[in-house]
Every structure is written in structure tokens, then in C-alpha cells.
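Atoms considered below: every heavy atom in the structure, side chains included; atoms not considered: hydrogens, waters and symmetry mates.
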Amino acid sequence: MSAESTPEPGIPGDTGTSGARHRGKGRRRKPPRRNKGLMIMAWTAAGIVVLGGAGAGYLYFKLNGNLKSVDIDQALGTDRPKKADNGSENILVLGSDTRAGGNKKLGGGTDDGSARSDTAMIVHVYKGHKKASVVSIPRDTLIDRPSCTDTKGNEYPAARSVMFNSAYSTGGAACAVKTVESITDLRMDHYLEVDFAGFQKLIDDLGGVEITTTKSIEDPDSHLNLKAGTHTLDGKQALGLVRTRHGVGDGSDLGRIQLQQAFIKALVHQIKDVGVFSNPKRLLDLAETATNTVTTDSDLGSVNKLASFANGLKGISPSNMHMVTMPVAYDPADPNRVLLQKKKADQIWKALENDRPIPKSATEGNASGEAKGVVSAP
């Protein structure tokens, strides 16, 4: 996936150069057997909910009843970064990897009774809602997790040098939001979450997503087998693609993030051309799946509110989405973990705080996977 280039460095839509950090001699990353990543399509689901808002009576109440929401503001209280007053918005988008219900049969995992957020993205929507920057947070990043309270009032102590995705598995959505705000000092205005089963059905309801691969991808752990070329992925294949680690690149979570970012652009491109307005059955199927799939913060917890929010995002095209990964370096003590490069990351957070483009200097020379360019929109 190569984004468009522009004369001015850092304009949303261009991409910085990432270089892999060399690890110790003879050391190879050995990713865990279970691939728990999930590409979040909450943004897409929210856009589809706009269509559901056109219904009336029974249909409206049915869709409204499907939505699940969590009161993040009540759980976090007032000790949070201030809301921006420059017309921008920050949305934390998470993928919940729970093995409950239908999810335990997806992706080759086992039901261990836990839930994780192995995909996390900060979506910054710029003033005017024509451009966005998306910052992926690697799940393997070692961070200091703040003390937090979940939405049921349970309190959890702070923890040092733990994996980023432990925040969600410890205290759910509220703890994940607080952890992101502690890392970035940015207020998360909204929260969106999607699970395995919902993602897979959403892609099927869309009629699949067309992508092009420059290399063959074969990963039995994520049930994916793609030859190099152009493919229309169904839900199962799409889920396999955004979860694969072994099938391409260096087997790291950073490589998986590169595949996920490429798939997002292909999916956003597909949404704009899918023709749902001319197909009432597809429209209804999509609205039903989307409202059953999404968990939101309470401010977006109705069809009308979610539809209004999503309507403000529909003008953002793939070429105006600048996608980066939070600057990290491989941990010298453990090649399966990464460490935050704080000075570079602070450049990103400061730029977003001021509603400015992310500077290229923040995205150059960081640890990266080896899957860039393997997947793109056709």
C-alpha cells in the first residue's frame, strides 16, 4: 500500500519511510501460536448505520435495540485531557478478541474465557472532516498502565512494563481509553469496538472486498491461502488476512498492522462503490449486522447519534487517510516485545493536539514489519 505523495511533508495522505530495527545476532522473532489480532471495521460499520437511520417505526427501534454502549465518561471521571476546541475529533477504535459465543470457532483460537484488544487505532479526524490520520498502536508495546476503574466500578491498580493490550483485558473499554489517554495526553472523544464474528459477517454482507497481493500468503493458523494476484475476499478470508502473522513478512505484529492498514483503505474504497442505496435487501442486512457488531461510547449509543457521527466521516476518501504506526523499537531484552520511542511519538501527539499533519520525522527509522506493499486496493 503506497499512499499518495505530496510536495509538503506530513500532509495527511502521505507516508513516512519506516526502517526495521536490527535485532541481536542470531535472534529471530518467534510469534505466539495464537494470532489474536482483529482488524477493526467499526468506522465502516458506523458509516453503514447511516443507511439504517433512514428506516422508521419497527425497523428503527429494532436497529436501536441492537446497539451496545459503555459509559466511558462516568468511569473515567474528570481526570482526563481537555477536549480539543479546534473542530477535530479523536476516536479510539478497538478490536475485541473474545472467545465467547461464535468467536471461539473463528481464527483457530481456544475459549480461554478472556478478552483482548489486539488491534487498536487512534483515528484523528481533522477540522472539516475531509482528512484523517490513523495511528496504529502495536499490541506488543510495553507500557506503564495507569490505575483505572471499569464501567462496573471495579478498580485496578497501576502496572509497570506490561503489554498494551493488557489494559483492555484488565479493565475493559474504560481502562483501554484511560491507558491511551495517559500515553498520548489526547482526549478520546469517542470509542468504537467490533468483534470477530461481526467483522466476518459485515464483509460477507458487503459482498466481499477486492484486494491485490504482490506475494502469496499462506497461513494455516489464520486459515488463509492466497496466491499473488487480485482477489475478492469473503468474510472468512478477510478475517484471516487481518489476523495473519506467519503468512507474510517477519511474523511480527508490526507486519500484521501493515496488512490491516492496507485492508482498511481497500475496504473504504469498496464502501464508496458498493451500491447499497440501490439494493434494499443489502442495505437492511448491512444495517442489521452493523448495529449488532458495534459497541460504542454512550454518546454514540443510538442509531440517530451514530448516524449523525458517521455522516460526518463519509467525505474522507482513502487518499486522504494518512496511516502510520506508533513509533516503536524492538526490546533488546525480548525480541517479541517493542518499546515506545517517546520523543518521536510526542511529535505525533503534539501534531494531532494542534490538528496538524503528522511530521515525516516521526515515522522514519522506526521498527516495522516486512509486509508493506504486499496488499493494496486493485
Between D189 (side chain only) and N90 (backbone N and O only), is there a donor and an acceptor less than 3.5 Å apart? yes
Applying side chain to side chain donor-acceptor pair (under 3.5 Å), name anything that partners T212, two or more places apart in sequence or on another chain. T230
Among all residues two or more places apart in sequence or in another chain, which pass the ring pair (Phe, Tyr, Trp, His ring centres under 6.0 Å) test with H231? none
Taking the side chain as every heavy atom from C-beta outward, state whether I316 and K131 have any pair of such atoms under 4.5 Å apart. no
Would you check, one step at a time, whether the test side chain to side chain donor-acceptor pair (under 3.5 Å) holds for Q260 with S136? CA-CA 9 Å; Q260 292 172 350; S136 296; 5.6 Å; no
Under the salt bridge (charged side-chain N to carboxylate O under 4.0 Å, His left out) rule, what pairs show up with a residue in residues 151-166, not counting sequence neighbours? D144-R160
Taking the side chain as every heavy atom from C-beta outward, state whether I143 and I183 have any atom pair closer than 4.5 Å. yes
Less than 4.5 Å apart, side chain to side chain, heavy atoms only: is that true for N154 and T149? no
Write down the atom of L340, the atom of P327, and the distance for their closest heavy-atom approach. CD1-O, 3.6 Å
Checking the side chain of E288 only, and the main-chain atoms of D285 only, is there a donor and an acceptor separated by less than 3.5 Å? no
Hey, are the side chains of I348 and M326 touching, using non-hydrogen atoms and a 4.5 Å cut-off? no
How would you list, by chain and number, every residue that makes a side chain to side chain contact (heavy atoms under 4.5 Å, CB included) with E353, sequence neighbours excluded? L186, K350
Members sharing M163's hydrophobic cluster (side chains within less than 4.5 Å): L142, L339
Quick one: are V338 and D331 in side-chain contact, heavy atoms under 4.5 Å? no
Strictly distance-based, threshold 3.5 Å: is any side-chain N or O of T170 a donor or acceptor partner for the main-chain N or O of S166? yes
Quick one: closest heavy-atom pair of K344 and S361, and the distance? CE-O, 3.9 Å
Ionic contact status for D204 with K236, cut-off 4.0 Å: no
Look at the side chain of S252 and the backbone N and O of G255, then say whether any donor-acceptor pair between them is shorter than 3.5 Å. yes
Disulfide bond (SG atoms under 2.5 Å apart) pairs, two or more places apart, involving residues 328-378: none
Linking I/L/V/M/F/W/Y whenever their side-chain heavy atoms sit closer than 4.5 Å, directly or via other members, would Y156 and V180 fall into one cluster? no
Could you tell me whether the side chain of P157 reaches within less than 4.5 Å of the side chain of S147, counting heavy atoms only? no
Using the salt bridge (charged side-chain N to carboxylate O under 4.0 Å, His left out) rule, collect all pairs that involve residues 298-312, keeping only residues at least two apart or in two chains. none
Determine the minimum heavy-atom distance between V324 and Q261, stating which atoms define it. O-NE2, 3.0 Å
S368 to Y330 - nearest heavy-atom pair and separation: O-OH, 3.5 Å
What pairs with D355 under side chain to side chain donor-acceptor pair (under 3.5 Å), at least two apart in sequence or on another chain? H124
Using the side chain to side chain donor-acceptor pair (under 3.5 Å) criterion, which residues pair with K127? Sequence neighbours excluded. none
Starting at OG1 of T296, measure out to CD1 of I91 and round the result to the nearest 0.5 Å. 12.5 Å
Find the distance between CG (L192) and CG (L94) and round it off to the nearest 0.5 Å. 9.0 Å
Within-4.5 Å side-chain heavy-atom neighbours: V177 and L76: yes
Is the backbone N or O of D297 less than 3.5 Å from a side-chain atom of S69, with the two atoms forming a donor-acceptor pair by type? no
Expected output: side-chain N64 to main-chain V303 donor-acceptor under 3.5 Å: yes
What is the distance from atom CD of Q258 to atom CD of E370, rounded to the nearest 0.5 Å? 8.5 Å
So with a 6.0 Å cut-off around CG of N86, is the heavy-atom count from everything else above 12? yes
Going from CG on L254 to CG on D140, what distance comes out if it is rounded to the nearest 0.5 angstrom? 7.5 Å
Apply side chain to side chain donor-acceptor pair (under 3.5 Å) to the pair Y168 and T179, showing each step before the final yes or no. CA-CA 9 Å; Y168 181 88; T179 299; over 6 Å; no
Flag, side chain of N354 to backbone of R356, donor-acceptor distance under 3.5 Å: no
What pair of heavy atoms forms the shortest contact from T184 to W349, and how long is it? O-CB, 3.5 Å
Is E89 reaching over with its side chain to a backbone N or O of V125, donor-acceptor style, under 3.5 angstrom? no
Start with the C-alpha gap between R245 and D221, add the side-chain angles, then the distance that decides, and say whether salt bridge (Lys or Arg N to Asp or Glu O under 4.0 Å) holds. CA-CA 9 Å; R245 292 174 63 157; D221 286 343; over 6 Å; no
When you measure from the side chain of E181 to the backbone N and O of M188, does any donor-acceptor pair fall under 3.5 Å? yes
How long is the straight-line distance from NZ of K227 back to NZ of K215, given to the nearest 0.5 Å? 15.0 Å
Okay, side chain of K68, backbone of N292: is any donor-acceptor separation there less than 3.5 Å? yes
Between V294 and L67 the two heavy atoms that sit nearest each other are O-CD2, 4.4 Å
Is there any disulfide bond (SG atoms under 2.5 Å apart) pair reaching into residues 129-227, and which pairs are they, with sequence neighbours excluded? C148-C175
I need the N66 CG to T289 OG1 distance, nearest 0.5 Å. 9.5 Å
Looking at R256 and D253, does any basic side-chain N land under 4.0 Å from a carboxylate oxygen? yes
Is there any disulfide bond (SG atoms under 2.5 Å apart) pair reaching into residues 302-366, and which pairs are they, with sequence neighbours excluded? none
In chain order, what residues pass the side chain to side chain contact (heavy atoms under 4.5 Å, CB included) check against T232, with sequence neighbours excluded? E210
Side-chain contact, heavy-atom cut-off 4.5 Å: E193 with V93? no
